[in-house]
Amino acid sequence: QVQLVESGGGLVQPGGSLTLSCAASGSIFSIYTMGWYRQAPGKKRRLVATITSGGITNYLDSVKGRFTVSRDNANYTVYLQMNSLKPEDTAVYYCNAADLISSTGVRYPEVWGQGTVVTVSS
């Protein structure tokens, strides 16, 4: 069984920084895309940043220049470094793994973490 476990959320003041981590566990052969989505109260979940196994990144326009996504392919871990945080960044952040292949050949189109809360407030 494959699962994603996130860590690193919390309360931070505007202008501050946080780093989120997400580790995939289980019998994994490969993961094509890993990344982060967020959902603010009363809003739809939306993509924040993703990175492929080859290092191609994609960002939400409003976080470009402030957030950096990276991954450790060997350990199936993805990170989100968040700088210059704003109150509008407050949300539940979810880790996502797409096109995950287990060591037994089972393909998982998408796997989600349980979410970690980020609150930006003074």
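The model shown is predicted, which means the values in this text are computed figures rather than measured ones. Side chains included, hydrogens not; waters and symmetry mates left out as well; all remaining heavy atoms used.
Across all non-hydrogen atoms, the minimal contact from Pro14 to Ser121 is CD-C, 3.6 Å. Of all heavy-atom pairs spanning Ser84 and Ser17, the tightest one is N-OG, 4.4 Å. Of all heavy-atom pairs spanning Val78 and Cys95, the tightest one is CG1-SG, 3.8 Å. Closest non-hydrogen pair, Ile28 versus Tyr76, comes out as O-OH, 3.4 Å. Nearest approach of Leu60 to Arg38, heavy atoms of both residues: CD2-NH2, 3.6 Å. Nearest heavy atoms, Cys22 versus Met34: O-CE, 4.4 Å.
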Below 3.5 Å, can you tabulate the donor-acceptor pairs from side chains in residues 100-108 to any protein atom, sequence neighbours excluded?
{"unit_1": "Ser102", "atom_1": "OG", "unit_2": "Thr104", "atom_2": "N", "d": "3.3"}
{"unit_1": "Ser102", "atom_1": "OG", "unit_2": "Thr104", "atom_2": "OG1", "d": "2.9"}
{"unit_1": "Ser102", "atom_1": "OG", "unit_2": "Gly105", "atom_2": "N", "d": "3.4"}
{"unit_1": "Ser102", "atom_1": "OG", "unit_2": "Val106", "atom_2": "N", "d": "3.0"}
{"unit_1": "Arg107", "atom_1": "NE", "unit_2": "Asp99", "atom_2": "OD1", "d": "3.2"}
{"unit_1": "Arg107", "atom_1": "NH2", "unit_2": "Asp99", "atom_2": "OD1", "d": "2.4"}

Hey, can you pull the donor-acceptor pairs under 3.5 Å for the side chains in residues 43-54, sequence neighbours left out?
{"unit_1": "Thr52", "atom_1": "OG1", "unit_2": "Gly54", "atom_2": "N", "d": "3.3"}
{"unit_1": "Thr52", "atom_1": "OG1", "unit_2": "Gly55", "atom_2": "N", "d": "3.3"}
{"unit_1": "Thr52", "atom_1": "OG1", "unit_2": "Ile56", "atom_2": "N", "d": "3.1"}

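For Tyr94, there are no ring-ring contact (aromatic ring centres under 6.0 Å, His included) partners, not counting sequence neighbours.
No donor-acceptor pair closer than 3.5 Å links the side chain of Gln13 to the backbone N or O of Ser122. Counting only distance, with no hydrogens or angles, the side chain of Asn75 and the backbone of Asp72 share no donor-acceptor pair below 3.5 Å. The backbone N or O of Val69 sits less than 3.5 Å from a side-chain atom of Tyr59, completing a donor-acceptor pair. For the pair Glu6 (side chain) and Gln114 (backbone), a donor-acceptor distance under 3.5 Å is present. Formation of a donor-acceptor pair under 3.5 Å by the Thr90 side chain with backbone atoms of Glu88 is not found in this model.
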Run the side chain to side chain contact (heavy atoms under 4.5 Å, CB included) test on Asn96 and Glu110 for me, step by step, so that the C-alpha distance in whole Å, both residues' side-chain angles and the decisive distance to 0.1 Å come before the verdict.
CA-CA 7 Å; Asn96 175 273; Glu110 281 195 315; 3.4 Å; yes
Given side chain to side chain contact (heavy atoms under 4.5 Å, CB included), test Leu18 with Val118 step by step and report yes or no.
CA-CA 9 Å; Leu18 276 178; Val118 172; 3.9 Å; yes
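Using a 4.5 Å heavy-atom cutoff, the side chains of Leu4 and Trp112 are not in contact. Between Leu20 and Met82 there is a side-chain heavy-atom pair separated by less than 4.5 Å.
For Asp61 and Lys64, the salt-bridge test passes: some basic side-chain N is under 4.0 Å from an acidic carboxylate O.
Placement of Val5 and Ile31 in two distinct hydrophobic clusters is found when ILVMFWY residues are connected by side-chain heavy-atom separations under 4.5 Å, directly or transitively. In the hydrophobic clustering of this structure, Val111 groups with Tyr93; members are Ile, Leu, Val, Met, Phe, Trp, Tyr whose side-chain heavy atoms approach within less than 4.5 Å, directly or through other members.
Ring centroid separation for the pair Trp36 and Phe67 does not come in under the 6.0 Å cut-off.
A donor atom on one side chain and an acceptor atom on the other are found under 3.5 Å apart for Gln81 and Thr19.
Considering OG of Ser70 and CG of Leu80, their distance stands at 8.5 Å, rounded to 0.5 Å.
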